[in-house]
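Take a look at the structure set out below.
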There are 2 protein chains.
Amino acid sequence: MILEKKKAFNAYAAKQGLRSTRQRDVILDVFLATRQHLSVEELYLKVKSSHPGIGFATVYRTMKLLAEAGIARELTLKNGQARYEHQLAGEHHDHLICTGCGAIVEFEDETIEKLQQEIAGRHGFSITSHRMDLFGLCPICRGGTAG
Amino acid sequence: MILEKKKAFNAYAAKQGLRSTRQRDVILDVFLATRQHLSVEELYLKVKSSHPGIGFATVYRTMKLLAEAGIARELTLKNGQARYEHQLAGEHHDHLICTGCGAIVEFEDETIEKLQQEIAGRHGFSITSHRMDLFGLCPICRGGTAG
DNA sequence: CACCAAAATGATATTGGTTATCAAGTACAC
DNA sequence: GTGTACTTGATAACCAATATCATTTTGGTG
């Protein structure tokens, strides 16, 4: 699947007339090698540890590129810092976010998606994307005591 | 209803040991007098037009206060700038956001809310709040042509 | 391979929204 | 009225993100 993503990015790069660079390869590799929701800073630190020469401006630029290419999705969390997650082609998922420890659980629900389309339709909107985040406490932060 | 909000804020202020100031009254008035989703800057400009002496730091502080008091709700839009909307006691609504002109339409859907609770329950989460934004084009920006 | 124009990089400066600082002002209990 | 803790407003500081720009690299061409 990593190869697919790389091909997808190469295809996008070709279409856009972008050049193939070592830095972009490295950043894409690092991004694809993790399953977490990474901030640009975290990504930059990971990249830097193996390739100290790469500057953070390039990481920012490349992540924007990956988002445009449909490989990464940018999340705007409450603190204002951007985080990126993998974008599985055609798929979409939403988030359960623990306000205690920051843990993020992904989920998807077809029924909700359909309802969203219905609602949008009633207002004459054509939806291109959405964001749904549920905030609360995860089982661990609730302390094991149900309720 | 404006008086109710003011009473609610006074109650919160009393509970927190906060003092009653002219500035907070003015900012609350300005906020309650509008039905739009205002950025802090817009709010500041409105406040300033009638009370030039009030600084923006006070507007920021007061809006945080109103959010804590449950009177305002802070929205984190994609550009990172915070906007505030009215928080109707106990009620909750979500947003249809036009990516063309920035128009925001509010809606609520009980079925979705219930589904959210179900999903959270399946993962052991207890939900305290959520955010759901649907992005797309409003009827006007779609150009009138359905599709 | 050498050359060149365009694109990309990386160090740095800059921006823009938000928060912290702190002296001066104000509310409120006494 | 007095005292003091809370507020305010001007300013500086902060931080993520973007712009700038000289230098380097890519990828085509001869």
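Letters A, B, ... mirror the listed sequences (proteins, then strands); counts begin at 1.
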Any side-chain heavy atom of [X] within less than 4.5 Å of one from [Y]?
{"X": "B:Tyr84", "Y": "B:Leu66", "value": "no"}
{"X": "B:Glu85", "Y": "B:Arg35", "value": "no"}
{"X": "A:Ile27", "Y": "A:Met63", "value": "yes"}

Return the set of residues passing side chain to side chain contact (heavy atoms under 4.5 Å, CB included) with [X] (not counting sequence neighbours), or none when no residue passes.
{"X": "B:Thr21", "answer": "B:Gln23, B:Arg24"}
{"X": "A:Arg122", "answer": "A:Glu118, A:Ile119, B:Asp109"}
{"X": "B:Glu42", "answer": "B:Leu38, B:Ser39, B:Arg83"}
{"X": "B:Arg61", "answer": "B:Ala57, B:Thr58"}

Report the residues that fulfil side chain to side chain donor-acceptor pair (under 3.5 Å) with [X], sequence neighbours left out, ordered by chain and then residue number.
{"X": "B:Gln36", "value": "B:Thr34"}
{"X": "A:Asp25", "value": "none"}
{"X": "B:His123", "value": "none"}
{"X": "A:His51", "value": "none"}

- Item | Sugar-phosphate, base or nothing in reach of A:Gly53, heavy atoms under 4.0 Å |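 Sugar-phosphate: the residue A:Gly53, judged by heavy atoms under 4.0 Å, touches backbone atoms but no base.
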
Nucleotide N/O to protein N/O under 3.5 Å, stretch nucleotides 12-19 of chain C:
from: C:dT18; atom 1: OP1; to: B:Ala82; atom 2: N; distance (Å): 2.6
from: C:dT18; atom 1: OP2; to: B:Tyr60; atom 2: OH; distance (Å): 2.7

- Message: Distance under 4.0 Å to a non-hydrogen atom of chain A counts as contact; along DNA chain D, which nucleotides mark the start and end?
- Response: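 On DNA chain D, the outermost contacted nucleotides are D:dA16 to D:dG27.
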
Distances under 3.5 Å between protein N/O atoms and the N/O atoms of nucleotides 27-30 of chain C, please, pair by pair.
from: C:dA27; atom 1: N3; to: B:Arg19; atom 2: NH1; distance (Å): 3.2
from: C:dC28; atom 1: OP1; to: B:Ser20; atom 2: N; distance (Å): 3.3

- Message: Between the opening five pairs and the closing five pairs of the helix from C:dC1-D:dG30 to C:dC30-D:dG1, how far apart are the helix axes, to 10°?
- Response: 20°

- Item | Between B:Gln87 and B:His92, a side-chain donor and acceptor under 3.5 Å |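 Not at all, the side chains of B:Gln87 and B:His92 share no donor-acceptor pair under 3.5 Å.
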
